[in-house]
A.B. asks: 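Structure in structure tokens, see below.
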Amino acid sequence: MNILVVNCGSSTVKYQLFHVKGEEDYQVLAKGIVERIGAPGSRLEHNGNGQVFTQEREVPNHRIAIQWVIEVLTQEETRVLESVDEIEAVGHRVLHGGEKLTGSVLVDDEVLEIIRECIDLGPLHNPANILGIEACRELMPDVPQVATFDTAFHGTMPEHAYIYAIPYEYYEKYRIRRYGFHGTSHQYVSERAAKILDKDPRDLKLITCHMGSGVSFAAVKGGKSIDTSMGLTPLEGLVMGTRSGDLDPAIPLFLMRKEGLSAEEMDEILNKKSGVLGVSGISSDTRDIEAAAPFNHRAQLALDLMIYRAKKYIGSYYAILGGLDGLVFTAGIGENSSYIRKSVCQGLEHLGILIDEERNKVNRKEAFISSDQSRVAVMVIPTNEELIIARNTRALARKRGENDAALHRGSEKKCRKDFP
Ligand code: ADP
């Protein structure tokens with residue numbers, strides 16, 4: 001079975017084409033990205049047949065971008081499929097499923113409408129996700145489309161973890177609550193950690209640390225997310241590249257009054273001008289900040305804030321988990337920055353977390369980085385959100401196939417009965 005996984009951002013389409021031979025046998029045939037959709041200089045970077053191919057072309061919208069992806073997958077030297085008909089299912093990454101969509105689903109008009117209703121909760125991502133789904137439905141009308149939600153893995157949080165202490169009527173009226181994000185990533189690395197530790201996920205207490213340009217941690221008990229740092233939106237929690245994470249809720253109100261800022265302007269400051277970028281005044285990229293830190297106080301301060309808050313979250317999740325078996329680092333920073341991993345773990349020896357400096361020199365590959373004396377297994381596990389989406393897509397597409405076959409058998413029987 002060939003599955004195309006599509007991840008649409010506001011100006012990008014990322015894709016991965018999987019060839020699935022069996023339950024655990026997922027081969028990546030090709031992957032790539034279309035960037036700068038709707039802007040001058042749109043370009044495609046495609047990785048397939050062991051080669052990297054780049055091209056520029058005018059791409060006014062997501063539909064044209066996906067059409068281009070199909071063209072690249074099926075034509076000339078970049079071809080990995082004979083025709084688009086060989087794509088048997090499409091899996092979409094969708095940011096927000098709200099309270100109604102808490103697992104992966106086959107997309108139909110009703111599901112699309114619910115994703116549309118969630119635009120208020122995911123204003124930056126859900127519209128682009130919808131454009132991607134609509135384009136694929138149009139270009140591949142008979143192919144099952146499956147949506148996997150970034151919020152879904154956290155659907156198991158208990159009520160006391162997801163309700164905010166504001167008047168309850170706002171939860172009833174607007175569904176304001178913690179949803180959590182990066183769900184496919186937390187799911188992937190927590191499942192992988194259980195496999196690596198050779199343990200049943202039901203017996204494990206894990207903290208998964210997704211540290212990329214967005215940062216979120218999750219407390220995973222018995223294979224289920226019981227709490228996570230991002231909230232109603234991906235703004236809450238840890239210090240991120242450009243997002244503030246936790247702050248006194250009075251601060252935005254204070255600034256709006258003092259500086260005469262609108263809600264939109266405040267939103268922009270908290271989401272795009274804060275975090276590591278806002279504190280350092282240099283960059284949102286921790287590589288730049290790590291390089292600048294020895295000579296620049298604010299760069300070092302930005303790192304210190306990020307590290308300090310990470311420790312606080314680990315401590316609080318240790319408390320609610322009632323112990324800890326594994327601490328997992330993933331995503332751009334978590335997979336690559338030995339400095340940040342080491343700094344986050346330093347001083348947590350009393351929780352049984354001990355790092356081995358030599359082992360911690362690892363980059364972008366699965367490894368234990370804890371010392372032999374560490375009670376907690378500290379691991380680096382590169383995330384693979386596309387694989388989770390592909391697995392979910394396969395499961396639902398197969399189910400639909402079986403249902404269709406049963407329906408077909410049913411109608412055949414009926415026909416035979418009606419016309420003996
Ligand atoms: P996204 O969250 O956008 O999908 P990633 O998970 O790839 O992105 O994370 C991107 C971030 O990872 C970069 O902004 C950068 O801060 C960080 N990063 C990547 N490589 C390194 C590295 N070698 N050292 C420190 N930070 C890194």
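In each ligand, atom 1 is the first atom listed, and ligand 1 is the first ligand listed.
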A.B. asks: According to the ring-ring contact (aromatic ring centres under 6.0 Å, His included) rule, which pairs have a member within residues 202-258, sequence neighbours left out?
C.D. replies: H182-H210

A.B. asks: For atom 1 (P) of ligand 1, what's the nearest protein heavy-atom neighbour? Residue, atom name and distance, please.
C.D. replies: S213 OG, 3.3 Å

A.B. asks: Which one of E99, H96, H125 satisfies the side chain to side chain contact (heavy atoms under 4.5 Å, CB included) criterion with C118?
C.D. replies: H96

A.B. asks: Between N392 and T148, is there a donor-acceptor pair closer than 3.5 Å when you use the side chain of the first and the backbone of the second?
C.D. replies: no

A.B. asks: Within a distance under 4.0 Å of any heavy atom of E290, pick out the atoms of ligand 1 and give their elements.
C.D. replies: 25 (C)

A.B. asks: Among all protein heavy atoms, pick the one closest to atom 15 (C) of ligand 1 and tell me residue, atom and distance.
C.D. replies: D285 OD1, 3.2 Å

A.B. asks: When Y26 is tested against each of E386, Q16, R394, M1 for side chain to side chain contact (heavy atoms under 4.5 Å, CB included), which residue passes?
C.D. replies: R394

A.B. asks: Who gets closest to atom 19 (C) of ligand 1 by heavy atom: K14, M240, R287?
C.D. replies: R287

A.B. asks: Give a yes or no on whether atom 4 (O) of ligand 1 lies under 4.0 Å from any heavy atom of the protein.
C.D. replies: no

A.B. asks: Write out all pairs satisfying salt bridge (charged side-chain N to carboxylate O under 4.0 Å, His left out) with one or both partners inside residues 44-65, taking only residues at least two apart or from two chains.
C.D. replies: R43-E45, R57-E71, R63-E138

A.B. asks: Without swapping roles, check the side chain of S316 against the backbone of Y313 for a donor-acceptor pair under 3.5 Å.
C.D. replies: yes

A.B. asks: Taking 4.0 Å as the limit for heavy-atom contacts, which would you say applies to E335 with ligand 1: side chain only, backbone only, both, or neither?
C.D. replies: neither

A.B. asks: List the closest protein heavy-atom neighbour of atom 23 (N) of ligand 1: residue, atom name, distance to the nearest 0.1 Å.
C.D. replies: N336 CB, 3.3 Å

A.B. asks: Has R177 got its NZ or CZ under 6.0 Å from the middle of the six-membered ring of Y162, at an angle within 45 degrees of the ring axis?
C.D. replies: yes

A.B. asks: Counting heavy atoms only, which of G332, A291, S185 is nearest atom 18 (N) of ligand 1?
C.D. replies: G332

A.B. asks: Considering heavy atoms of the protein only, find what lies nearest to atom 26 (N) of ligand 1 and give residue, atom and distance to 0.1 Å.
C.D. replies: T286 OG1, 2.8 Å

